[in-house]
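Per chain, numbering begins at 1; letters A, B, ... match sequence-line order.
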There are 4 protein chains.
Amino acid sequence: MSRGNTHQRIQDVALELFVAQGYDKTSLREIAERLGVTKAALYYHFKTKEDILLSIFDAANRPVTELIEWGREQPRTLETKKEILRRYSDVLHRAQPLFRFMQENQATIRDLSLGDQMKKRMLGLSDLLVEPDAALVDRVRAATSLFTMHAGTFALRGLEDDPEERREAVLTVAHEMITAAHHGE
Amino acid sequence: MSRGNTHQRIQDVALELFVAQGYDKTSLREIAERLGVTKAALYYHFKTKEDILLSIFDAANRPVTELIEWGREQPRTLETKKEILRRYSDVLHRAQPLFRFMQENQATIRDLSLGDQMKKRMLGLSDLLVEPDAALVDRVRAATSLFTMHAGTFALRGLEDDPEERREAVLTVAHEMITAAHHGE
Amino acid sequence: MSRGNTHQRIQDVALELFVAQGYDKTSLREIAERLGVTKAALYYHFKTKEDILLSIFDAANRPVTELIEWGREQPRTLETKKEILRRYSDVLHRAQPLFRFMQENQATIRDLSLGDQMKKRMLGLSDLLVEPDAALVDRVRAATSLFTMHAGTFALRGLEDDPEERREAVLTVAHEMITAAHHGE
Amino acid sequence: MSRGNTHQRIQDVALELFVAQGYDKTSLREIAERLGVTKAALYYHFKTKEDILLSIFDAANRPVTELIEWGREQPRTLETKKEILRRYSDVLHRAQPLFRFMQENQATIRDLSLGDQMKKRMLGLSDLLVEPDAALVDRVRAATSLFTMHAGTFALRGLEDDPEERREAVLTVAHEMITAAHHGE
DNA sequence: AATGAATGAGGATTCATTCAT
DNA sequence: TATGAATGAATCCTCATTCAT
């Protein structure tokens with residue numbers, strides 16, 4: 001029953017606590033206690049606290065990477081762009097906790113090497129949505145279509161609706177933005 | 001010239017460091033050292049570390065409060081809404097460091113009583129931009145117009161342009177969103 | 001009664017424990033407990049554990065530095081060399097614990113920046129005792145005269161005598177060596 | 001080819017690291033990693049960390065024991081004493097790393113039961129070089145002749161010469177000391 | 001002959017905070 | 001208006017060691 005799943009469990013509990021309290025305010029003691037293991041056990045599985053976080057990221061980042069790769073092979077039509085946003089919406093919703101964590105702990109992430117990784121990923125996505133030499137307004141539109149989806153997933157929880165409905169609304173707005181950006185070109 | 005302005009200087013240095021490294025990773029020792037005073041001196045001026053942060057917020061929040069109050073007295077026309085976004089853009093740019101800090105330290109802010117304050121402020125603004133019973137899409141549009149401006153101020157720094165130009169582009173896009181939201185109603 | 005003498009007391013107790021158990025095996029907890037203070041108190045007075053050690057060295061190294069300076073201004077006669085050894089013997093006996101510590105913790109000292117310091121000091125002394133271009137045997141003799149005194153102070157405690165007598169015997173032998181080295185030149 | 005020689009390899013790597021970094025600062029993890037095995041594997045071959053060190057000593061100590069035994073059977077002439085120093089020089093140079101380790105980690109060795117062992121060995125050697133009831137100066141001379149050789153092997157590396165030449169010079173000086181001690185009797 | 005998983009004890013260090021002066 | 005001295009609690013991390021497999 002202890003078949004290498006401790007590794008997993010650490011990641012799960014860690015993410016849970018990181019999301020609930022922030023990375024800095026979550027101590028390894030806490031993680032260990034929740035798991036019913038010693039702090040030292042964590043260090044058997046991960047070299048550092050940062051390492052735990054990185055490993056979680058790696059797992060959750062794969063879908064985004066795949067999405068970017070997929071996008072690169074598509075024709076750069078409006079329909080493609082919409083599909084990308086659709087898929088990104090999916091990814092976001094599937095790994096909600098992680099993305100919420102990223103949104104709320106930017107300061108921490110910045111100095112954790114993750115900063116660059118994330119920036120690159122975002123730029124990679126952006127590049128699929130507008131030509132780099134597009135008009136400034138259009139580039140803002142494209143970026144905004146992405147941000148809308150992030151914001152819509154985490155920050156708009158005030159609009160206490162059926163989450164699925166909200167998700168669709170957000171996607172609609174994002175599509176509008178990308179459509180405008182596309183025609184601007 | 002050093003008459004009671006230590007209070008000020010503490011706030012300034014603190015904000016600077018909070019922005020640069022995050023709240024959690026900034027220690028009182030650091031702040032004190034930069035100022036050439038003792039940690040204990042900080043405690044003469046502020047009751048706790050959190051207090052320093054709160055005092056900074058209070059100062060920077062007044063403009064937003066004023067904006068909301070002003071908005072409440074205006075007719076709810078599209079032109080008013082645009083003006084609100086224009087003014088909010090101003091506020092954002094004038095207090096950039098603080099808002100950037102808020103953006104990057106959401107996790108910290110959340111448990112610091114500031115969370116609620118901020119949420120209320122955002123909702124206050126939102127309420128000026130859409131009726132609470134508007135269609136979901138329109139509410140998303142309104143929220144997005146605000147988020148766009150936040151994102152545009154901090155996160156879009158990759159689009160290395162003349163900042164003034166960028167600010168205008170962002171405002172343009174925000175205006176588009178609020179216009180759409182307004183007509184949807 | 002708490003007049004800045006804690007700094008002193010820390011150095012004293014630390015040296016005592018470092019000598020008795022070695023640097024690595026002496027924990028800050030131990031030092032603090034012996035002093036009836038908190039570990040944190042140590043950190044108020046010294047930046048790191050290494051810092052405590054360094055501060056002790058600085059204090060004890062001054063006499064050696066002075067001796068070297070004095071030696072540089074003397075004529076390079078045999079009598080001068082003997083006087084140097086005599087004075088060095090004094091220094092050694094006055095700061096016995098520290099020198100014993102150095103002798104027994106060379107491995108530790110090596111990576112603690114102290115290594116170089118010590119090497120330089122020994123070479124400085126050596127240079128007063130032989131010309132750098134003297135015959136190899138004579139250089140060995142000079143070096144040995146110094147080592148004899150170190151060994152004689154700490155390692156020869158087996159020869160359970162009156163320490164003062166032993167010290168004189170050691171000095172005699174050292175003098176013989178330096179005499180031989182001097183005539184060899 | 002990997003038949004039971006792991007035992008050996010552990011000793012080799014351990015000594016190498018002990019010499020390079022000191023006993024305390026060398027962890028079993030490090031040793032294991034260098035060997036490409038698990039820490040647990042070390043425990044298959046040795047009961048404790050200390051055990052590894054002891055086993056290394058045992059191997060290297062035999063020659064000294066043999067030298068002492070040989071010395072006991074010889075007539076106590078000056079020539080014998082010189083020969084003992086000559087042979088000791090050999091032993092020292094053959095097991096340089098180990099002896100260097102002992103020199104630099106005396107503090108550690110002291111509490112590791114090795115302390116007594118070493119002390120006895122040194123006294124055993126000493127006893128071959130002077131009568132226990134000789135004049136104090138002569139006993140100091142004898143002890144010094146031994147220390148010279150230790151110092152000459154490790155600490156005099158500053159005198160960057162041909163090592164073989166240096167070794168001879170050191171032996172010459174040691175011989176002088178023992179000669180003086182012999183005639184003093 | 002060796003591994004994978006874990007532990008318990010302890011290490012140095014940092015932090016926000018307090019209080020007498 | 002500040003400082004000097006100190007604390008208590010917590011932090012991340014490392015280590016030698018164990019044991020079932």
Rounded interatomic separation in angstrom, taking [atom1] from [X] and [atom2] from [N]:
{"X": "C:Q8", "N": "F:dG4", "atom1": "CD", "atom2": "P", "answer": "19 Å"}
{"X": "C:L35", "N": "F:dT7", "atom1": "CG", "atom2": "P", "answer": "10 Å"}
{"X": "B:D51", "N": "E:dA16", "atom1": "CG", "atom2": "C1'", "answer": "13 Å"}
{"X": "D:Q21", "N": "F:dC15", "atom1": "CD", "atom2": "C1'", "answer": "14 Å"}
{"X": "B:F46", "N": "E:dA16", "atom1": "CZ", "atom2": "C1'", "answer": "16 Å"}

Open item on the list: Give me the atom names and distance for the closest heavy-atom approach of C:A14 to C:I31.
Closed with: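 Heavy atoms of C:A14 and C:I31 come nearest at CB-CD1, 3.9 Å.
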
OP1 or OP2 of [N] sitting under 4.0 Å from any side-chain N/O of [X]?
{"X": "D:Y44", "N": "E:dA2", "value": "no"}
{"X": "D:T6", "N": "E:dA1", "value": "no"}
{"X": "A:H45", "N": "E:dA6", "value": "yes"}

Restricting both atoms to N or O, compile the protein contacts to nucleotides 11-14 of chain F shorter than 3.5 Å, with distance only.
unit_1 : atom_1 : unit_2 : atom_2 : d
F:dT11 : OP1    : A:S27  : OG     : 3.1
F:dT11 : OP2    : A:R29  : NE     : 2.9
F:dT11 : OP2    : A:R29  : NH2    : 3.0
F:dC12 : OP1    : A:K49  : NZ     : 3.0
F:dC12 : OP2    : A:L28  : N      : 3.2
F:dC13 : OP2    : A:Y43  : OH     : 2.6
F:dC13 : OP2    : A:K49  : N      : 3.0
F:dC13 : O5'    : A:Y43  : OH     : 3.1
F:dC13 : N4     : A:K39  : NZ     : 3.1

TODO: Under the side-chain contact (heavy atoms from CB on, under 4.5 Å) rule, what do B:Q117 and B:L114 come out as? Steps first, then yes or no, please.
DONE: CA-CA 5 Å; B:Q117 259 184 255; B:L114 287 175; 3.8 Å; yes

TODO: Drop me the distance from C:K25's NZ to D:R110's CZ, to the nearest 0.5 angstrom.
DONE: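 If we round to the nearest 0.5 Å, C:K25:NZ and D:R110:CZ are 8.0 Å apart.
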
TODO: Provide the full list of salt bridge (Lys or Arg N to Asp or Glu O under 4.0 Å) pairs with a residue in residues 38-49 of chain B, sequence neighbours left out, each pair given once.
DONE: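 Output for this query is empty, none listed.
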
TODO: Identify, between B:L42 and C:G36, the residue whose nearest nucleotide on DNA chain F lies closer to the 5' end.
DONE: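 Its nearest nucleotide lies further toward 5', so the answer is B:L42.
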
TODO: Let me have DNA chain F in dot-bracket notation, would you? Count Watson-Crick plus G-U wobble pairs, both distances under 3.5 Å, and use [ ] for pairs crossing earlier ones and | for inter-strand partners.
DONE: .||||||||||||||||||||

Open item on the list: According to ring pair (Phe, Tyr, Trp, His ring centres under 6.0 Å), who are the partners of B:F46, at least two apart in sequence or on a separate chain?
Closed with: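 Result, ring pair (Phe, Tyr, Trp, His ring centres under 6.0 Å) vs B:F46: B:H7.
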
Open item on the list: Please determine whether a side-chain nitrogen of the Lys or Arg among D:R34 and D:E30 lies less than 4.0 Å from a carboxylate oxygen of the Asp or Glu.
Closed with: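 Result for this pair is no, no salt bridge flagged.
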
Open item on the list: Do A:D24 and A:F18 have side chains that approach each other closer than 4.5 Å (heavy atoms only, starting at C-beta)?
Closed with: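 Sidechains of A:F18 and A:D24: no contact.
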
Task: With C:E33 via side-chain contact (heavy atoms from CB on, under 4.5 Å) - residues at least two apart - done: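 side-chain contact (heavy atoms from CB on, under 4.5 Å) list for C:E33, sorted by chain: C:R29.
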
Result block: side-chain N/O donor-acceptor pairs under 3.5 angstrom for residues 54-62 of chain C, not counting sequence neighbours:
unit_1 : atom_1 : unit_2 : atom_2 : d
C:S55  : OG     : C:Q11  : OE1    : 2.8
C:S55  : OG     : C:I52  : O      : 2.8

